[in-house]
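For reference, the structure discussed in these notes is given below.
So that the names make sense, note that chain A is the first sequence line, chain B the second, and so on, each numbered from 1. Values in this document were obtained by computation on a predicted structure and should not be read as measured data.
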2 protein chains.
Amino acid sequence: MTEQIKPTDSELEILNILWDKGPSTVREVHEVLEQSKDAGYTTTLKLMQIMHEKTLLKRDVSNKSHVYTANVSQEKTQGQLVKRMIDNVFNGSASQLVMQALGNNKASSQELEEIRKYLENIHPNPKGS
Amino acid sequence: MTEQIKPTDSELEILNILWDKGPSTVREVHEVLEQSKDAGYTTTLKLMQIMHEKTLLKRDVSNKSHVYTANVSQEKTQGQLVKRMIDNVFNGSASQLVMQALGNNKASSQELEEIRKYLENIHPNPKGS
DNA sequence: ACAAACCTACGAATATTTTCGTAAATAAAA
DNA sequence: TTTTATTTACGAAAATATTCGTAGGTTTGT
């Protein structure tokens with residue numbers, strides 16, 4: 001069994017920023033975070049330190065301002081979160097999750113088109129709709 | 001804005017049982033729960049009482065053993081959880097979630113077929129571009 | 001050199017979630 | 001009736017997650 005990645009909501013926010021920006025200092029992460037929520041600087045610092053202890057983040061201590069990097073891939077993390085949702089919320093049915101994600105205008109028509117193409121690749125439609 | 005349904009993991013387990021079995025007593029829920037985890041009876045009771053306070057559950061007190069029912073629909077709850085995942089994990093892209101859910105053999109070929117049919121039936125509302 | 005700004009580490013307060021022991025009431029069994 | 005089992009209510013412990021103040025060190029600006 002591969003290790004379970006289970007970031008909390010706050011941790012996920014930080015991972016998102018690091019996946020987006022790449023290696024960053026606490027200050028850099030905090031400045032992005034501030035735009036959407038209000039938390040003190042040391043709160044962000046503490047969170048990232050904890051994430052480092054959990055090995056969710058790597059860090060480079062050679063400079064005064066430590067530089068943190070995500071130590072789990074976005075793909076793999078997304079995969080585990082989706083799998084968990086399929087199991088816990090959709091009783092193991094991936095298709096039910098997909099349909100829920102496609103309903104209610106959650107996806108634009110452009111996105112729907114993307115998905116159609118993707119589907120044809122992994123499961124070509126013999127009739128060619 | 002509609003009320004936010006945000007069940008915890010434990011609460012979701014209970015909701016799943018109630019959605020599946022319909023109105024049930026604490027004992028009935030607990031017996032199902034026991035099969036997959038080990039927790040004491042009063043733990044289940046307390047959880048369901050809290051869920052009732054939060055109005056996640058309704059209850060009928062006319063008998064000695066109270067009968068609980070889910071007070072949120074499975075559809076709506078699933079929808080909100082999926083939307084939250086799209087926002088927090090996939091930066092708002094439903095298609096990315098879908099592709100993640102379809103990759104890595106998370107869906108059987110039968111499921112893929114279901115999804116393909118579902119997609120053909122969708123009449124996309126052109127709001128995104 | 002001195003002060004101001006910045007950074008980390010640490011500990012602890014808060015908040016939330018999960019767990020369960022115990023007491024009181026009711027029902028069932030003996 | 002007396003005992004045993006079942007159920008609720010309550011409170012609080014335990015576990016986890018989030019927040020922040022403060023101290024001490026380093027760098028930067030004057």
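Heavy atoms of K6(B) sit nowhere under 4.0 angstrom from any nucleic acid atom. Heavy atoms of S65(A) sit under 4.0 angstrom from primed sugar atoms or phosphate atoms, though from no base atom. Within 4.0 Å (heavy atoms only), Q49(B) reaches at least one base atom of the nucleic acid. Among the heavy atoms of the strands lying under 4.0 Å from T8(B) are primed sugar atoms or P, OP1, OP2 only; no base atom is included.
For the OP1/OP2 pair of dT18(D) and a distance below 4.0 Å, the side-chain nitrogens and oxygens of S10(A) include at least one atom meeting the criterion. Close to dC6(C), at under 4.0 Å from its OP1 or OP2, lies no side-chain N or O of R27(A). When the side-chain nitrogen and oxygen atoms of R59(B) are compared with OP1 and OP2 of dA9(D), one or more of them lie within a distance under 4.0 Å. The side chain of T43(B) places an N or O atom within less than 4.0 Å of a non-bridging phosphate oxygen (OP1 or OP2) of dC20(C).
Atom CE in M48(A) sits roughly 17 Å away from atom P in dC20(D) (whole-Å rounding). Rounded to whole angstrom, the span from the NE2 atom of H52(A) across to the C1' atom of dC10(C) amounts to 16 Å. The distance between atom CG of L45(A) and atom P of dT22(D), rounded to the nearest whole Å, is 16 Å. Between the P atom of dA9(C) and the CD1 atom of I50(A) lies a distance of 13 Å, rounded to the nearest Å. As rounded to whole Å, 19 Å separates atom P of dT14(C) from atom CG of L47(A). Rounded to an integer number of Å, the gap from N63(A) CG to dC7(C) P is 12 Å. At whole-Å resolution of the value, CG in D38(A) and P in dT18(D) are 15 Å apart. At whole-Å resolution of the value, NE2 in H66(B) and C1' in dA27(C) are 13 Å apart.
Between K46(A) and Y41(B), the residue anchored nearer the 5' end of DNA chain C, judged by the nucleotide with its closest heavy atom, is K46(A).
Nearest heavy atom pair, residue M85(B) against residue V82(A), reads SD-CG2, 4.1 Å.
For CD of E34(B), the number of neighbouring non-hydrogen atoms (other residues, nucleotides, ligands) closer than 6.0 Å is greater than 12.
Taking the charged nitrogens against the carboxylate oxygens, D9(B) and K6(A) do have a contact shorter than 4.0 Å, which makes a salt bridge. Salt bridge E3(A)/K76(A): present, at least one basic N to carboxylate O contact under 4.0 Å. Ion pairing between a basic and an acidic side chain is recognised when a charged N comes within 4.0 Å of a carboxylate O; E11(A) and K54(A) show such pairing.
Counting distance only, with no hydrogens placed and no angle test, the side-chain atoms of K64(B) and the base atoms of dT26(C) include a donor-acceptor pair under 3.5 Å.
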